[in-house]
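Working notes for the structure below.
Everything numeric in this text was worked out from a predicted model, so none of it was measured. Convention: sequence-line order gives letters A, B, ...; per-chain numbering from 1.
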Protein chains: 2
Amino acid sequence: MSPRRVTMTDVAKHAGVSRTTASLVLSGRGRELRISQSVERRVLEAAQELEYRPDIVSQSMRTGTTRTIGFVSDTVATSRLAGDMIKGALEAARERGVMLFIGETEGEPDLERGLLEAMQDRRVDGIVFASMFTRTIPVPAALTTAPAVLLNALPAEPCPLPSVVPDEIEAGRAAARVLLDAGHRDGIHLVGAGPDIDDVPPGTVAGVERLTGIRDVLDRAGVEIAGGRVCPDWQPEHGYAATAELLERERPRALVCLNDRLALGAYQALDGAGLKVPDDVSVVSFDDHPIATWIRPKLTTVALPHHELGREAVDVLFAEIDRRREGRDPDSRSRRVPMPVRRRDSVAAPRA
Amino acid sequence: MSPRRVTMTDVAKHAGVSRTTASLVLSGRGRELRISQSVERRVLEAAQELEYRPDIVSQSMRTGTTRTIGFVSDTVATSRLAGDMIKGALEAARERGVMLFIGETEGEPDLERGLLEAMQDRRVDGIVFASMFTRTIPVPAALTTAPAVLLNALPAEPCPLPSVVPDEIEAGRAAARVLLDAGHRDGIHLVGAGPDIDDVPPGTVAGVERLTGIRDVLDRAGVEIAGGRVCPDWQPEHGYAATAELLERERPRALVCLNDRLALGAYQALDGAGLKVPDDVSVVSFDDHPIATWIRPKLTTVALPHHELGREAVDVLFAEIDRRREGRDPDSRSRRVPMPVRRRDSVAAPRA
DNA sequence: AGCGGCCGCTAACACGATTTAGCAACCGGC
DNA sequence: GCCGGTTGCTAAATCGTGTTAGCGGCCGCT
C-alpha cells in the first residue's frame with residue numbers, strides 16, 4: 001500500500017526534540033519562543049530530509065481554517081465563459097495557497113442547500129456564490145454563516161454580502177459610442193431588446209443595463225434609435241428571426257445585438273439578404289463569446305470579463321474573510337468590473 | 001459572530017447519554033452494539049432537534065477518508081466541453097456525497113506537482129487526472145500515491161492506472177458510415193488530416209484514431225478517399241484555408257472535417273464559392289461543439305461525450321478506491337466511451 | 001545562601017469525531 | 001454464596017497539529 005505519510009512526530013524524533021519544538025520551529029515561531037539556532041537548524045534539516053509536509057486536515061482541525069473555499073454556481077457548463085470565471089477564481093485562489101471546491105445547483109433550491117451544507121461541513125473558509133448570467137437572486141440563508149461573495153449576481157433584497165458584477169451600463173454606453181465614433185446617426189436598430197427601456201427579456205440584469213447605457217449615450221448625442229426587437233431568449237435563431245423580419249420592412253445601417261449569439265443569427269440573416277458586414281450594415285455586440293472571432297468578418301463586441309470577474313470575486317472574498325477575522329462589519333457594496341471593447345471588423349462608417 | 005456549530009457532544013448531552021453512545025447510534029451501529037431502543041430514539045431526536053450535522057473534517061481526521069476527490073486538468077476553460085466533463089464528474093460525485101476539488105496545471109510540471117501535493121495534503125480520496133483533448137501523457141509520479149484515473153488521456157508508459165477515453169476509432173467509422181449510408185462513393189475529401197494515416201497534427205490521439213476509423217470503413221467498402229489536407233491546428237481559419245484551396249482545384253461531393261471548428265471554416269469557404277450544404281456538398285464532422293447547431297444548415301457530427309466521460313471517470317475512480325480498500329491490485333485497463341452520431345442537416349445523397 | 005529572573009525546551013490539553021476495551025448490573029445455575 | 005454469561009452503556013485512546021502552562025538549570029544580585 002501507499003507508505004504512511006511523514007508526520008511532525010517523525011520529524012521531531014529524527015531531530016531529537018519534542019514535537020512541540022518541531023511545531024514551533026516549523027510554524028516560524030521558533031525565534032519568538034527562544035528556540036536555539038542549533039535546534040532550529042536540526043529541525044529544519046530533518047523536515048527537509050524527510051520531505052515533511054503538514055497535514056492540512058489536522059491543521060484545519062486545530063486552527064479552524066481549511067485553506068479551501070467553495071465556488072457554487074447555478075451551472076458550470078453553459079459555455080466557455082463559465083470556465084473562464086472559474087479559471088480566474090482558481091488563479092486568485094492558487095496565489096493564496098487555497099483550493100477550490102466547486103458545485104452546481106442547477107437552480108434547484110434543494111441541491112443548493114445540500115451543496116452549501118456539504119461545504120460548511122467541510123469548514124470552507126468562504127464561498128463564492130456565482131450566477132452564470134447576471135441577475136438578481138434571493139440570497140440563500142445558509143450563505144450568511146460563512147463569509148461569502150455574490151458573483152455576477154445582485155441580492156434581491158438588501159443583505160450584508162459584497163457582490164461583484166460586470167459594469168453592463170458602461171458597456172452599453174461603450175457599444176453606442178463605437179457606432180457614434182464610426183459616424184452612425186441613422187438607421188440604428190437593436191436586436192434582442194428595446195427600443196424602449198421596458199422591452200427586455202424578463203429576469204435579466206444585462207438586458208436592462210445594456211439598454212440603459214445604449215440609450216443614455218444615444219439620447220445625449222441626439223440620435224434616435226430607429227427600432228428594436230425584444231427576443232425571449234438570446235440564441236442565434238432568435239437573432240436570425242428578428243433580423244430577417246426587420247429586413248422585410250427596412251434597411252438598417254447598424255445593428256446593436258445584445259449578445260454575440262444574437263449577432264451570429266443577425267449575420268446569417270444579413271448574408272441571406274445579400275447585405276455585407278460592415279460595408280452595408282455595421283454590427284456591434286456584447287459578450288466576446290469565442291464565436292466572435294470565428295465568424296467573418298470578426299465581430300466588434302464589448303467583452304464580459306469573466307476571467308477578471310472570477311479573480312475579483314476571490315479577492316473580495318478574502319478581504320471579507322479578513323474583515324470577519326478582525327471583527328469588523330461586512331462590506332456589502334457591489335463592485336463593478338469594467339467591460340472592455342474588442343474592436344474588430346464588423347463596424348465601418350455608414351455608406352455616403 | 002456565527003454561532004458555534006452543534007457537535008456530537010451537544011447531542012449526547014441533550015439526550016443524556018455519553019458521546020460514545022451518540023456516535024454509535026448516529027453511525028447506525030447502535031443495533032449491532034446493543035443500544036436500547038429508547039436510548040436510540042432519544043439520541044436521534046436530540047440530533048434532529050439540534051440540527052446536528054457531523055463535521056467532516058473531524059471525521060476525516062479519524063477515519064482517513066475525506067469524501068472529497070480532486071479533478072486536475074490541464075485547463076478548464078478551453079470550451080464548453082471542459083465544463084461538460086466537469087459537470088458529469090460533479091454529478092457522479094454528488095450521487096456519492098463527495099465533493100470535488102478542481103485545479104488546473106496549464107501544462108506546467110511545477111503547477112502540476114504543487115496541485116497534486118496540495119490535494120494530497122488535504123487527503124483527497126482519489127484524483128481524476130484529465131486532459132482537455134485526448135492525448136498520451138507522461139504520468140506524474142505523485143499520482144501513484146492516491147487512487148487515480150486518467151481521463152481523456154492515455155499513459156505514455158505502461159502504468160497501473162485505469163483510464164477513460166472516447167472511442168475515437170469507432171467514431172471515425174461512424175462518420176464514414178454516415179456518408180456511405182447517404183450514398184456517397186466519390187469525391188470524399190478530408191479536412192484537418194489525411195488522406196494517409198501519417199498525415200495528422202502531432203501529439204493528438206484524436207487525429208490518428210479518427211482517421212484510422214474513417215479509412216477502415218471506406219477501405220472495406222472499396223471507396224477511395226479523393227483527397228485530404230492536414231492542418232497544423234484545428235481552428236476555423238485552417239478549415240477555411242484548406243477548403244478554399246481544395247475548391248480551386250476540384251469540386252468535392254463530401255467533406256469529413258476532423259472537428260466542428262474546421263467544419264465552420266469549411267462552411268464559410270463553401271459559401272464563398274457559392275456551394276450549398278448539403279445539396280452540393282455533404283459535411284460530416286466530430287465533437288458536437290455548440291456551434292454545430294448554430295450554423296446553417298445544422299451540422300451532422302459525431303459527439304465527444306464529455307458529460308459521460310466525466311461521469312465514467314468518477315465511477316471508475318470509486319471502483320478503484322474500493323479495490324484498494326480491499327487490497328486488490330489496481331485495474332489498469334482503459335475504458336472506451338462510445339461517441340454518438342448527431343444526425344442533423346449537413347448530409348444528403350450526392351447529386352445524380 | 002537565598003531569591004528572582006531569564007533561557008530553552010517539553011508535558012499536556014484541545015479540536016470533533018470513531019473505536020476498542022471494559023465496567024456495572026442483572027440473571028441463572030450449582 | 002460464588003461463578004460465568006449477557007445486557008447496555010461509557011471511559012479512554014486515537015488521528016496530526018497548535019498552543020498554553022510550566023519545569024529545570026543557570027546567572028546575577030544582595
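- Proximity of the aromatic rings of Phe101(A) and Phe71(A) is defined here by a centroid distance below 6.0 angstrom, and this criterion is not met.
- Whole-Å rounding puts the Arg31(B) CZ to dC9(D) C1' distance at 16 Å.
- Of the side-chain N and O atoms in Ser36(A), none sit less than 4.0 angstrom from OP1 or OP2 of dG8(C).
- Inspection of the Glu91(B) and His307(B) side chains reveals an N or O donor paired with an N or O acceptor under 3.5 Å.
- Under the rule for a salt bridge (Lys or Arg N to Asp or Glu O under 4.0 Å), Glu157(A) has no partner lying at least two apart in sequence or in another chain.
- Rounded to whole angstrom, the span from the CD1 atom of Ile35(B) across to the C1' atom of dT18(C) amounts to 14 Å.
- A salt bridge is defined here as a Lys NZ or Arg NE, NH1 or NH2 lying under 4.0 Å from an Asp or Glu carboxylate O, and Asp10(A) with Arg4(A) meets this definition.
- Checked by atom type, the side-chain pair Thr21(B)/Ser18(B) shows a donor-acceptor distance below 3.5 Å.
- Using a cutoff of 4.0 Å between basic side-chain nitrogens and carboxylate oxygens, Asp55(B) and Arg123(A) are scored as salt-bridged.
- Judged purely by distance below 3.5 Å, without hydrogens or angles, the side chains of Asn152(A) and Ser131(A) never pair a donor atom with an acceptor atom.
- Within 4.0 Å (heavy atoms only), Ile56(B) reaches no atom of the nucleic acid at all.
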Are there any protein N/O atoms within less than 3.5 Å of an N/O atom in nucleotides 16-18 of chain D, and if so, which ones and at what distance?
{"unit_1": "dG16(D)", "atom_1": "O4'", "unit_2": "Ser58(A)", "atom_2": "OG", "d": "2.7"}
{"unit_1": "dT17(D)", "atom_1": "OP1", "unit_2": "Tyr52(A)", "atom_2": "OH", "d": "2.8"}
{"unit_1": "dT17(D)", "atom_1": "OP1", "unit_2": "Asp55(A)", "atom_2": "N", "d": "3.2"}
{"unit_1": "dT17(D)", "atom_1": "OP2", "unit_2": "Met8(A)", "atom_2": "N", "d": "2.5"}
{"unit_1": "dT17(D)", "atom_1": "O4", "unit_2": "Arg19(A)", "atom_2": "NH2", "d": "3.2"}
{"unit_1": "dG18(D)", "atom_1": "OP1", "unit_2": "Gln59(A)", "atom_2": "NE2", "d": "2.9"}
{"unit_1": "dG18(D)", "atom_1": "OP2", "unit_2": "Ser23(A)", "atom_2": "OG", "d": "3.3"}
{"unit_1": "dG18(D)", "atom_1": "O6", "unit_2": "Arg19(A)", "atom_2": "NH2", "d": "3.0"}
{"unit_1": "dG18(D)", "atom_1": "N2", "unit_2": "Arg62(A)", "atom_2": "NH1", "d": "2.4"}
{"unit_1": "dG18(D)", "atom_1": "N3", "unit_2": "Arg62(A)", "atom_2": "NH1", "d": "2.4"}

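- As judged by a 4.0 angstrom heavy-atom cut-off over every strand, Val17(B) is placed among residues touching the sugar-phosphate backbone only.
- If you check every strand for non-hydrogen atoms under 4.0 Å, Val39(B) touches sugar and phosphate atoms only.
- When the P atom of dG8(D) is taken as reference, atom CD of Glu32(B) falls 15 Å away, rounded to whole Å.
- Rounding to whole angstrom units, CG of residue Leu33(A) and C1' of dC7(C) are separated by 12 Å.
- Between Arg34(A) atom CZ and dG22(D) atom P there is a gap of 15 Å when expressed in whole angstrom units.
- Distance alone, capped at 3.5 Å, is enough to place a donor-acceptor pair between the Arg5(B) side chain and the Arg53(B) backbone.
- We find that CG of Leu24(A) is positioned 9 Å from P of dT19(D), with the value rounded to whole Å.
- Ionic pairing of Asp315(B) and Arg335(B) is not present here: no N-O contact between side-chain nitrogen and carboxylate oxygen is shorter than 4.0 angstrom.
- Comparing the helix axis at one end of the helix from dA1(C)-dT30(D) to dC30(C)-dG1(D) with that at the other, each defined from 5 consecutive pairs, gives an inter-axis angle of 90° (nearest 10°).
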